[in-house]
A.B. asks: 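Have a look at this one.
A note on names: the letters A, B, ... follow the listed sequences, proteins ahead of strands, and every chain is numbered from 1. Just so it is clear, the structure is predicted and the values come from calculations on it, not from any experiment.
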Protein chains: 2
Amino acid sequence: MTQTDTVSRILDAAEVLFAERGFTETSLRTITSTAGVNLAAVNYHFGSKKELIQAVFERFLTPFTETLAAELDRRVAAGEALEVEELLDALFRGGVAGLAAKGRDPQRFMRLLGMAYTQHQGHLRRYIVSRYGDSYRRFAGLLSRALPGIDPVTFYWRLYFMLGATIFTLSSFDAIDAILREDFDAQSSLPETLDRLVLAAAAMLRADSGD
Amino acid sequence: MTQTDTVSRILDAAEVLFAERGFTETSLRTITSTAGVNLAAVNYHFGSKKELIQAVFERFLTPFTETLAAELDRRVAAGEALEVEELLDALFRGGVAGLAAKGRDPQRFMRLLGMAYTQHQGHLRRYIVSRYGDSYRRFAGLLSRALPGIDPVTFYWRLYFMLGATIFTLSSFDAIDAILREDFDAQSSLPETLDRLVLAAAAMLRADSGD
DNA sequence: GCAAAATCAAAACAAGCGTTTTAATTGTTG
DNA sequence: CAACAATTAAAACGCTTGTTTTGATTTTGC
């Protein structure tokens, strides 16, 4: 078993288990036995559990931000003014597609992202902001330009409304879809849900606030 | 120190600590030492940590659902058809006011609610659904009647979008407001944010889905 | 093919966890 | 006031946690 094998086997197992149960509820023993490696391998290769958690995020964040940046570049280069729907599409579809292309499950990414915000892991929030900050600011800038005349504070809060709707819905996608199947005898695919999300978020962002 | 003292001191401490750090990250020793009571008191009065967690939620859910029901009764009795904004207002302001009236911090409730969804506590989700289910169904029924012609599946998803935006935003209200203060030199009160939320959610719910 | 470095494996470590047990103390009731 | 029940207190139990240590085993570079 080569080094890269062990490292990526640990990352694979940790990613799945963290997304299922959270960080504290997942022990290193569960991770290493799932991965089929020795317990000490985590501390050897990553240093600590904290650093393992960050490494799991790194593997998601890199392709996500790269594809988003490329998507934005492409559309900005095309010249025409960017519409709200177009930007949200670049964010949702572009980001998701970028993850899928690298073999990373987008829903799992959303679950982990939600946990990073909820689970009181200070180091993780700081790490994500430092890694995410530029992408976020660029996207927010383009989006606000597509909403001329919007009050900055209103815009600021609506961005968080959208972030909350996205993270919450996608991180619980399977559970929500299961209830849908039971109650309505219908079901939704992830792309369908992203379509609905783009549409709903755009309407929300454009709502007349009367100020 | 009377019994009710010990019990409510434990609940008070647990509520604050759970909302700050999550359930697993908060030990019974931290709770009891914060509350100034003996470690064994939790297991004596509540049985187990799980049951303590549920008791903390019980103290929130009861006033919340009761005030919401009363608000809905009042408006339904008034006769006129209920508008989307009116219903959302009953939910947000009514529910929040009901908590505040009983001395329970609404933001803390939202943080705990978010954790119940994210933290992989199966027993909690089941408990909340059984305690919350009727209120939820009644509210959803009234809301869908205020949105004539909406596709049921679209409505279903948008309800979750709204739930996500609400839980996420309000549970991180302080953190978001802190960034706002730093970047914009502005700040928002909770009532202001609820106003924005009602407005944004209503626009989202009413968005034309073209089907 | 040998020496050095990197990796793996097993065991032990100290600390923290939820819970239980036992005893002392308080409050209540006849 | 005595007797009983309810509550508090202190200590210990068994278990799990993240991390470290110690050797064995590969892999790598010359």
A.B. asks: Between A:T6 and C:dC8, does any side-chain N or O lie under 4.0 Å from OP1 or OP2?
C.D. replies: yes
A.B. asks: Just call it for A:T26: base, sugar-phosphate, or nothing, with non-hydrogen atoms closer than 4.0 Å on any strand.
C.D. replies: sugar-phosphate
A.B. asks: Measuring centre to centre across the rings, with the benzene-like ring taken for any Trp, is A:F64 within less than 6.0 Å of A:F109?
C.D. replies: yes
A.B. asks: Can you tell me how far C1' of C:dA10 sits from CG of A:N43, to the nearest Å?
C.D. replies: 15 Å
A.B. asks: Tell me which nucleotide among C:dT19, C:dG18, C:dA9 gets nearest to the side chain of B:S48.
C.D. replies: C:dT19
A.B. asks: How many whole angstroms separate atom CZ of A:F23 from atom P of D:dT17?
C.D. replies: 17 Å
A.B. asks: Ignoring hydrogens and geometry beyond distance, is the side chain of B:R29 in donor-acceptor contact with the base of C:dG18 at under 3.5 Å?
C.D. replies: yes
A.B. asks: Output, in order, the C-alpha distance, side-chain angles, deciding distance and verdict of ring pair (Phe, Tyr, Trp, His ring centres under 6.0 Å) for B:F168 and A:F168.
C.D. replies: CA-CA 8 Å; B:F168 184 86; A:F168 184 86; 9.3 Å; no
A.B. asks: To the nearest angstrom, how far is B:K50 atom NZ from C:dC17 atom P?
C.D. replies: 19 Å
A.B. asks: At less than 4.0 Å, is any side-chain N or O atom of A:S27 found next to OP1 or OP2 of D:dT17? Yes or no.
C.D. replies: yes
A.B. asks: If you find the nucleotide of DNA chain D closest to A:T30 and the one closest to A:Y44, which residue's nucleotide is nearer the 5' end?
C.D. replies: A:T30
A.B. asks: State whether A:R131 and A:E58 are salt-bridged, where the test is any N-O pair (Lys NZ or Arg NE/NH1/NH2 against Asp/Glu carboxylate O) under 4.0 Å.
C.D. replies: yes
A.B. asks: Please give, in whole Å, the distance from D:dT17 P to A:L28 CG?
C.D. replies: 9 Å
A.B. asks: Nearest-Å distance, NZ (B:K49) to C1' (C:dC17)?
C.D. replies: 8 Å
A.B. asks: Could you check how far CD1 of B:I10 sits from P of C:dG18, rounded to whole Å?
C.D. replies: 13 Å
A.B. asks: Among D:dT21, C:dT19, D:dT19, which nucleotide has an atom closest to any side-chain atom of A:A40?
C.D. replies: D:dT21
A.B. asks: What's the closest nucleotide to the side chain of B:L39 if the choices are C:dA9, D:dG18, C:dT19?
C.D. replies: C:dT19
A.B. asks: Would you please test A:R138 and A:D134 for salt bridge (charged side-chain N to carboxylate O under 4.0 Å, His left out) and show each step?
C.D. replies: CA-CA 6 Å; A:R138 184 187 182 193; A:D134 289 341; over 6 Å; no
A.B. asks: Rounding to a whole Å, what distance do you find between A:I53:CD1 and D:dG18:C1'?
C.D. replies: 12 Å
A.B. asks: Specify the separation, in whole Å, of atom NE2 of A:H45 and atom C1' of D:dT27.
C.D. replies: 13 Å
A.B. asks: Treating B:Y156 as the side-chain partner and A:L180 as the backbone partner, does any N or O pair qualify as donor plus acceptor under 3.5 Å?
C.D. replies: yes
